[in-house]
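The structure appears right after this line, and notes come after that.
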Amino acid sequence: MAITSITDTTTLSNGVKMPWFGLGTMSTGQSDEEVAEVIKSAAKVGYRSFDTAKVYKNETGVGKGLKESGVAREELFITTKLANTDHGYDEALKAFDESMEKLGLDYLDMYLVHWPVPGHLESWKALEKLYKDGRVRAIGVSNFLGHHLEALFKVAEIRPMVNQYEYHPLLTQKDLLAYNKAQDIQVEGYYALRDSQEIPEIIEIARNCKKTPAQVVLRWSLQSGVVTIPKSTREERQRENAGIFDFELSEQDMAVIDSLDNEKRRNPHPDEVKVSK
Ligand SMILES: NC(=O)c1ccc[n+]([C@@H]2O[C@H](COP(=O)([O-])OP(=O)(O)OC[C@H]3O[C@@H](n4cnc5c(N)ncnc54)[C@H](OP(=O)(O)O)[C@@H]3O)[C@@H](O)[C@H]2O)c1
């Protein structure tokens, strides 16, 4: 699988094309203006996919930045998520409308159930309606393990197209990745950069490839078939993180990184997440 450009896409199970690479937007600023500046600098670098969520409290800033970037709407791929506090059929529809209002959009590219907490199966029916009504081009889940997906399949008329979860060299969950692939669900990983840049094996591979540790980890994700959404508020790092389309890791380098897994989870285990207002 050759991924050679920031605009290269993976084709989801419903035929929608989603960029392999995007910007995470959690903690990108205190004010809408600050967030908007981060979005605009990423758009200038060439980012076209942006990942936000109601709980990041930045949808207004993200929407403002996208509008001011001048990038045509059809070039963008915008994801937001249904919060744990908004489950239920009517509640989910309302939360979607509120997110769209803040983002200033008339359609969304992807809407995800943020965590598999109680009520999410009712919410899924709302996501299916939004999808059928053409208000969102793809629907999916986040932080779902195999058993959550199996329970969802029992009630779903439309299966999730994406599962976004914590994925980095110290937490690869190889069985979960294989399961998602077998179910034709595209995995999107988060926290790629959090712990991996200090790992000696990654530093060594980076030296040999004449790349930075961040670039090696992000490239490893893509070559593993996992969409990646690193976050940076700084333009020079946004550029560095996007500098991963002109090299390829060898099979041996991939195997070294794959062997680093020690099940180090940063976020709560999906079965233990607490719902709080
Ligand atoms: N679905 C979920 O439950 C969930 C949970 C967590 C996150 N997410 C999504 O995933 C995205 C990524 O997660 P994240 O933002 O927490 O973590 P991340 O992208 O793994 O790492 C971001 C951190 O690394 C720093 N950084 C970025 N590029 C760097 C580079 N080239 N060299 C050194 N440091 C660098 C950033 O600082 P600077 O900004 O100062 O550069 C920031 O502190 C989030 O923004 C969010 O969109 C989803």
Side-chain angles (χ1 to χ4, degrees), residues 18-19 21-30 34-35 37-39 41-42 45 47 49-59 61-62 65 77-85 99 103 109-117 120 139-145 148 160 162-171 173 176 180 185-199 202-203 206 211-222 226-244 264-276:
M18 172 186 187
F21 181 82
L23 186 79
T25 70
M26 192 170 72
S27 311
T28 38
Q30 299 297 324
E34 266 176 43
V35 173
E37 287 309 312
V38 171
I39 302 300
S41 90
V45 171
Y47 289 66
S49 175
F50 296 84
D51 178 79
T52 181
K54 175 179 172 177
V55 293
Y56 305 165
K57 296 189 171 37
N58 67 4
E59 290 170 310
V62 170
F77 191 97
I78 306 163
T79 300
T80 193
K81 311 185 192 86
L82 178 69
N84 293 346
T85 48
S99 285
L103 285 162
D109 297 283
M110 189 158 69
Y111 200 38
L112 303 178
V113 171
H114 208 145
W115 287 89
V117 295
H120 71 267
I139 53 177
V141 295
S142 175
N143 301 300
F144 273 44
L145 300 174
H148 302 118
V162 166
N163 187 5
Q164 180 186 114
Y165 59 80
E166 185 172 344
Y167 180 80
H168 47 75
L170 302 184
L171 183 71
Q173 303 184 93
L176 183 58
N180 277 282
I185 297 173
Q186 175 63 54
V187 173
E188 178 175 31
Y190 68 78
Y191 283 173
L193 300 178
R194 287 291 186 108
D195 289 311
S196 30
Q197 298 175 73
E198 310 294 321
I199 299 171
I202 291 178
I203 294 170
K211 286 284 173 180
T212 66
Q215 290 170 327
V216 165
V217 174
L218 297 171
R219 185 70 208 181
W220 161 82
S221 177
L222 298 188
V226 176
V227 168
T228 191
I229 46 169
K231 166 258 173 185
S232 181
T233 51
R234 313 181 202 187
E235 186 175 329
E236 70 278 12
R237 284 182 172 174
Q238 293 174 346
R239 204 174 291 284
E240 174 188 334
N241 296 343
I244 57 172
K264 178 173 178 185
R265 201 179 276 282
R266 273 186 158 262
N267 251 346
H269 189 283
D271 284 328
E272 288 160 15
V273 73
K274 301 266 186 301
V275 181
S276 53

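Whatever order the structure lists them in is the order used to number ligands and atoms, beginning at 1.
Looking at Ser142, its side chain does come within 3.5 Å of a backbone N or O of Gln164 through a donor-acceptor pair.
Closest non-hydrogen pair, Leu112 versus Val141, comes out as CD2-N, 3.7 Å.
The salt bridge (charged side-chain N to carboxylate O under 4.0 Å, His left out) search around Arg266 returns Asp195, not counting sequence neighbours.
When side chains are defined from C-beta on, Leu82 does not count as touching His120, because their heavy atoms never get closer than 4.5 Å. Between Phe144 and Ile185 there is no side-chain heavy-atom pair separated by less than 4.5 Å.
The contact shell of ligand 1, taken as protein residues with any non-hydrogen atom closer than 4.0 angstrom, comprises Gly24, Thr25, Met26, Asp51, Tyr56, Lys81, His114, Trp115, Ser142, Asn143, Gln164, Tyr190, Tyr191, Ala192, Leu193, Arg194, Gln197, Ala214, Ile229, Pro230, Lys231, Ser232, Thr233, Arg234, Arg237, Glu240, Asn241, Asn267.
With hydrogens and angles left out, the side-chain atoms of Asn241 and Tyr47 include no donor and acceptor closer than 3.5 Å.
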